[in-house]
Amino acid sequence: MLSEKENRAEDQQAIIDCQRGRTESYRILVDKYKTRAYYAALLYTGNREDALDLSQEAFFRAFKAIKKFEKGRNFYTWFYRILRNLCINHFHRIKRRSVVFSDVEEQHGSELKLPEITRPDDIFEENEQREILWQALNKLPDKDREILILKEFHELSYKELSEILHIPVGSVMSRLYYARQKLAKLLEDLV
Amino acid sequence: MNKQEIRLKIMAYFDGELPAEEHKNIEELIKNDPQYGEVYDTLKRIKEVTQEMKFKQLPDMYWDEYWTHVYNRIERGVSWILLSIGAIIIGLFATWHFLESLIADSKIPPLLKVGIFVFLAGLLVLLISVVREKLMIRRIDKYREVER
């Protein structure tokens, strides 16, 4: 297992190689981060196919932009912002589509099918707490839910959260603290 | 240190982000003051719940093919760039030859020649205008990374 420093050095070397046009070196980065990328996308999309497609597309877009990558930055946090934007756009597209469908559905008096993003079945293994936790997370404001997911499921450090969310570490801490308090309260109410 | 700062430090301690020299202080506060003990217990409860959640495993075949899919997209991206450059060169060459033969052809009425030149000039100005606008938006749009 590589130390944090060795890990960072390996990423930097792979990035330099990619910037020199060695596409094959990009495989090191893809293999290292594909699992995290896939599960990150899965939490936004709620289904396997979209998560695979969006995470692969994010790797492609990151490769296209790799020449702009500033030396010394953390690859994953930089990549994660690309992935996050892709997922948000994907989610907005689904939402727009569901609004169009809801107009039609309302006219016919039938029930609107909720987007799959609200169902945890495709994301987590069967678990007693799954439904309760998912319900609680969905009741939180988007910003709180996002920081909680990044911390609790992706186990990112405060510094990484600060880079991804573009806010100072102090703001990361207070946002995370209040989000956790709200989640604890919701979990108490739901149990 | 006010109460809020202490709470945030307890959270940093819980997340393993507090400098070692501050551990002792925070551990004592958690142990001796019930309000801070409660903060720590809340964090522990959340962690217990989230740690029990296991992501659904993806079958190995998807992981085996993952790099191939990314590589195919990269390859296709390069193909599109080459295709576009080629199309631009061919287009410019064809336009140049078309204009050359148009000027040389004495059978075509001068008015039609002028019409074609004006039409092409309009097309060129339109193209430059669109490209310039796109470049300006790209330079000042802070949300350019977000696809619309």
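Below, chains carry the letters A, B, ... as their sequence lines are ordered, and counting in each starts from 1.
- Note that the CD atom of A:Glu57 and the CZ atom of B:Arg73 stand 5.0 Å from one another [nearest 0.5 Å].
- A donor-acceptor pair under 3.5 Å is absent between the side-chain atoms of A:Lys34 and the main chain of B:Tyr66, judged by distance alone.
- The distance from the CG atom of A:Leu148 to the CD1 atom of B:Ile46 is 7.0 Å, given to the nearest 0.5 Å.
- Taken from CG in A:Leu176 to CG in B:Asp15, the straight-line distance is 6.0 Å, to the nearest 0.5 Å.
- Counting only heavy atoms from C-beta outward, the side chains of A:Arg180 and B:Thr42 never approach each other to under 4.5 Å.
- Within the 4.5 Å cutoff, the side chain of B:Arg7 has no heavy atoms near those of the A:Ser174 side chain.
- The part of A:Arg48 that comes within reach of chain B is its side chain, from C-beta onward, which places non-hydrogen atoms under 4.5 angstrom from that chain.
- The two atoms that bring A:Thr35 and B:Trp63 nearest to each other are CA-CH2, 3.6 Å, heavy atoms only.
- Residues B:His69 and A:Phe59 fail the side-chain proximity criterion, which asks for heavy atoms closer than 4.5 Å.
- Between chain B and the options A:Lys151, A:Gln181, A:Lys64, heavy-atom pairs under 4.5 Å are most frequent for A:Lys151.
- Atom NZ of B:Lys113 has more than 12 neighbouring heavy atoms from other residues, nucleotides or ligands inside a 6.0 Å radius.
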Passes side chain to side chain contact (heavy atoms under 4.5 Å, CB included), A:Gln56 versus B:Tyr71? Steps please. CA-CA 9 Å; A:Gln56 286 162 357; B:Tyr71 185 76; over 6 Å; no
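- Annotation: the span from A:Glu155 atom CD to B:Gln51 atom CD amounts to 7.0 Å, rounded to 0.5 Å.
- Of the atoms belonging to A:Phe63, it is side-chain heavy atoms, and not backbone ones, that fall under 4.5 Å from chain B.
- Residue A:Ile66 holds its CD1 atom at 9.0 Å from CD1 of B:Ile74, rounded to the nearest 0.5 Å.
- Residues A:Tyr26 and B:Val70 have side chains in contact (heavy-atom distance under 4.5 Å, counting atoms from C-beta outward).
- Within the 4.5 Å cutoff, side-chain heavy atoms of A:Phe153 are placed close to those of B:Phe55.
- For a residue to count as touching a neighbouring chain, one of its non-hydrogen atoms must lie under 4.5 Å from one of that chain's; by this rule A:Glu188 touches chain B with the side chain only.
- Counting non-hydrogen atoms of other residues, nucleotides and ligands closer than 6.0 Å to CG of B:Leu111 gives a total of 12 or fewer.
- Listed by chain and residue number, nothing satisfies the side-chain hydrogen bond (donor to acceptor under 3.5 Å, both in side chains) test with A:Glu24 (two or more places apart in sequence, or in another chain).
- When B:Val39, B:Ile10, B:Val49 are compared by the number of non-hydrogen pairs under 4.5 Å with chain A, B:Val49 comes out ahead.
- Among A:Tyr38, A:Tyr177, A:Tyr158, the residue with the largest count of heavy-atom pairs under 4.5 Å with chain B is A:Tyr158.
- Counting non-hydrogen atoms of other residues, nucleotides and ligands closer than 6.0 Å to CD of B:Glu5 gives a total above 12.
- Between the CG atom in B:Asn72 and the CZ atom in A:Phe60 there is a gap of 11.0 Å [rounded to 0.5 Å].
- Listed for the A:Tyr39 side chain is a donor-acceptor partner under 3.5 Å among the backbone atoms of B:Lys56.
- The greatest number of non-hydrogen atom pairs below 4.5 Å with chain B, out of A:Leu183, A:Asp31, A:Leu52, A:Leu187, is found for A:Leu52.
- Under a 3.5 Å cut-off, the side chain of A:Glu152 and the backbone N or O of B:Lys47 do not form any donor-acceptor pair.
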